[in-house]
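Structure first, then comments.
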Amino acid sequence: MAGLALVLRLAGPYLISSERVQSEIEARLSGWTDAQLSFSGAPSFAFWPNPRVGFDNARLRNPKLTENEGADLLTAEHISVRFSIIGSLFGGPDLGEVEFVRPVFHVRRDAEGRSNWQDGGKAEETSAQSVPKPATMIVRDGTIVVDDMPRNEHFRITKIEGKIDWPEASSGLKLSLLGVVGGKVMNWRLSADEPLALLQGGTGAVHTSLNSDFLGIDFDGTANLSKGVFATGRVRIATPSLGQFLAWRGVNWGQASERDAMTVEGTMTANGYTARLDRLTLSIQGSTAKGILDLSLPPRRAPKVGGTLAFDRVDLLSLLEVLAPPTQDDGSLPPTAFGGIDLDLRLSSEEALIEPLVLSDFAAGVRANDGRASLDIGDAALLGGRVSGRLALNQGHPKSGGELQLSLNDVDLGALAGQLAISGPLPNGRGSAHVELFTDNPWRALDGADLTGMFALHFDHGAIPGFDHTAFEQLAHGNAPFGMKQAAGGSFEFTAATLEGRLDHGLAELSRATFEGTEKTLTVSGMIPYRGGSVAMAGSIQDRQGADTSVVSPRVNFLLGGPWAELVISPLKPLAELPAD
């Protein structure tokens, strides 16, 4: 056996013509172009475990292009080809599997969208049946260098391992490659029924998938790889972390959230830099939506996403977490966090959660552009009434922050205060409200002390629980302060009430609060700290003008102080009678 191996090695150059092998490889690699293949040095032969002939320093180039135009299509440290000894003895090399060791594939698209691998004139001259192809091409430790001039994208795919099966030009192509893109390991699979037509700018059926630990893409349809790059078919895109995917794409999203998983499925029609997803199903933040999305990836400009989505249930705060990135470890915002996306969506949902509130029949628009995001609520149902408003956020600008505007109509305001866990002797009843709040701080780190703004509430009918105005007046006619709990045995019913004021960094300034009862009018004003501290308000109770009362009661003026839970009332009459000194 050793002697036979030695004889075969010595006889290798005589059994098979290296020039013929070179021409065969050249035909198999470039049968659809005029590319030229060259090697350096003498070929090497091996017969165990299979007969192979190898060449060093391989170079495949397109002679019609200059170096600046991407003439080099392929360079490889070593190329080896399996061959049949029997076929070689009878004059035909009968080549089989081709193995590339540390190859570098150069893929370049010029400003007109033409690839350096394409040559349309050659395709017209050469019939598909006459172009030989290697049955299998094996890639070891390869690299793909992509230079896409129209999109101004330049990147490298490294550490490529895998194989390409293409028995002949008229047959289908199957590709399976594993490589590293942007520091992430990806597995790419492709099958095409008419690969030669695709390479020449025609249309053919394609099934392809791209998978990694942070992204999965699956497409089944038809494609055209000419200048316009057209594709139509069924597509599925899934990522366990949208933030991680955008960071990989170069959009700074801060620390990726574990909650921003997303799956998109639909029928895609793509042409050039735009794509439309019809019959779309979107899953994000545990919610599901159906609708249409329009995508645009223009060269050297921000990607655009627009469309209409109908959710069954959506968590709006979680959705905003997707739009607005978290702060960094030092509390600052990442620069241009979502400035890399231009988003314009119209949303509807059977239920929309703004914890702890639940809105129904929800319709809104979402915009994100140049570091700003906004949620415009066109209409929604809340606690028997309607609500509209706007939430806007600024991120990545010299001055971050946001604003909230809400308008409520015929809403149970007492129940709303209960759901918001606002304590104290507050009125309940149905009515309307308008709120405008502002902050200069990042919304994720927001607390009540960061807000400024104004509020206005109007109640049609209602009551102040825990407030017996008759007992209160009797105590207020005395000369000693008393606790609010001493007059908590009833409630003050009113037919209308108006409250107006402003918020300023943890302090509510109540400029006017008037409650019109059937017999009495209660008026209060003052300061209410809603993060601890003591209330400081003044008020009065007097007979309502026009009320049908036979006895006129004197007006009662008083001061309120202390925390909400232990309010203390001080009658103003004894205070007014104190000496000036």
Side-chain angles (χ1 to χ4, degrees), residues 242 257 259-264 266 276-278 280-295 303-325 337-339 341-395 401-413 416 419-420 432-439 442-444 446 451 453 455:
L242 181 61
S257 170
R259 300 179 57 198
D260 57 355
M262 183 181 72
T263 301
V264 178
R276 163 164 282 208
L277 289 170
D278 294 299
L280 169 76
T281 299
L282 169 68
S283 297
I284 187 170
Q285 299 290 357
S287 301
T288 301
K290 297 184 181 296
I292 297 174
L293 279 182
D294 292 306
L295 311 175
K304 294 183 178 180
V305 180
T308 302
L309 296 174
F311 285 87
D312 53 353
R313 179 179 174 87
V314 61
D315 187 336
L316 295 177
L317 293 181
S318 295
L319 183 63
L320 288 175
E321 284 184 355
V322 175
L323 296 179
F338 55 78
I341 299 178
D342 188 346
L343 183 68
D344 185 4
L345 292 176
R346 288 156 299 283
L347 305 180
S348 63
S349 180
E350 297 176 12
E351 285 189 350
L353 176 64
I354 307 180
E355 193 172 356
L357 305 179
V358 178
L359 310 179
S360 57
D361 300 329
F362 177 80
V366 176
R367 288 279 294 127
N369 183 29
D370 193 26
R372 296 179 175 88
S374 64
L375 172 67
D376 293 281
I377 303 174
D379 187 38
L382 174 65
L383 297 173
R386 312 301 297 182
V387 59
S388 61
R390 184 172 193 268
L391 174 61
L393 305 173
N394 295 330
Q395 305 284 69
E403 61 179 283
L404 171 66
Q405 299 178 7
L406 279 180
S407 294
L408 296 87
N409 184 37
D410 195 27
V411 171
D412 189 338
L413 299 177
L416 177 62
Q419 291 189 9
L420 296 176
S432 60
H434 183 74
V435 179
E436 294 184 9
L437 302 177
F438 305 88
T439 180
W443 77 276
R444 290 176 183 271
L446 196 63
L451 297 173
F455 61 89

query = Below 4.5 Å, heavy atoms only, C-beta onward: do Val387 and Val411 meet side chain to side chain?
reply = no
remark   = Rounding to 0.5 Å, atoms CD1 (Ile377) and CD (Gln405) come to a distance of 11.0 Å
key: With sequence neighbours excluded, residues passing salt bridge (Lys or Arg N to Asp or Glu O under 4.0 Å) with Asp278   = none
message = According to side-chain contact (heavy atoms from CB on, under 4.5 Å), who are the partners of Ser388, at least two apart in sequence or on a separate chain?
response = Ser407
task = Identify the heavy atoms of Phe311 and Ser287 that sit nearest to each other, and give their distance.
result = CD2-CB, 3.9 Å
message = Could you work out, with side-chain contact (heavy atoms from CB on, under 4.5 Å) as the rule, every residue matching Thr308, not counting sequence neighbours?
response = Arg346
note = Between Leu345 and Val305, the two heavy atoms sitting closest are CD2-CG1, 4.5 Å
Would you be so kind as to tabulate the donor-acceptor pairs closer than 3.5 Å made by side chains of residues 348-355, with sequence neighbours excluded?
from, atom 1, to, atom 2, distance (Å)
Ser349, OG, Glu351, N, 3.2
Ser349, OG, Glu351, O, 2.4
Glu351, OE1, Arg313, NH1, 2.3

Set of residues satisfying salt bridge (Lys or Arg N to Asp or Glu O under 4.0 Å) with respect to Asp376, sequence neighbours excluded = Arg390
For Asp344, all residues meeting side-chain hydrogen bond (donor to acceptor under 3.5 Å, both in side chains), sequence neighbours excluded = none
query = Got a sec, which residues hit side-chain contact (heavy atoms from CB on, under 4.5 Å) with Thr288, two or more places apart in sequence or on another chain?
reply = Thr281, Ser283, Asp312
inquiry  = Tell me every residue that passes salt bridge (Lys or Arg N to Asp or Glu O under 4.0 Å) with Asp361, counting only those two or more places apart in sequence or in another chain.
reply    = none
message = Rounded to the nearest 0.5 Å, what separates atom CZ in Arg386 from atom CG in Asn409?
response = 9.5 Å
note = Taken in chain and number order and not counting sequence neighbours, the residues that satisfy side-chain contact (heavy atoms from CB on, under 4.5 Å) with Leu437 are Leu404, Val435, Leu451, Leu503
request  = Take Leu316 and Leu391 through the test side chain to side chain contact (heavy atoms under 4.5 Å, CB included) and record every step on the way to the result.
outcome  = CA-CA 11 Å; Leu316 295 177; Leu391 174 61; over 6 Å; no
ask   = Is there a donor-acceptor pair under 3.5 Å between the side chain of Arg367 and the backbone N or O of Leu343?
value = yes
task = Would you indicate whether the side-chain heavy atoms of Thr439 and Glu403 approach each other to under 4.5 Å?
result = no
request  = Check salt bridge (Lys or Arg N to Asp or Glu O under 4.0 Å) between Asp410 and all other residues, then give those that pass, not counting sequence neighbours.
outcome  = Arg430
Matching residue for Gln419 among Asp412, Val358, Leu383 - test: side-chain contact (heavy atoms from CB on, under 4.5 Å) = Leu383
task = Working to the nearest 0.5 Å, report the span between CG of Leu295 and CZ of Arg276.
result = 10.0 Å
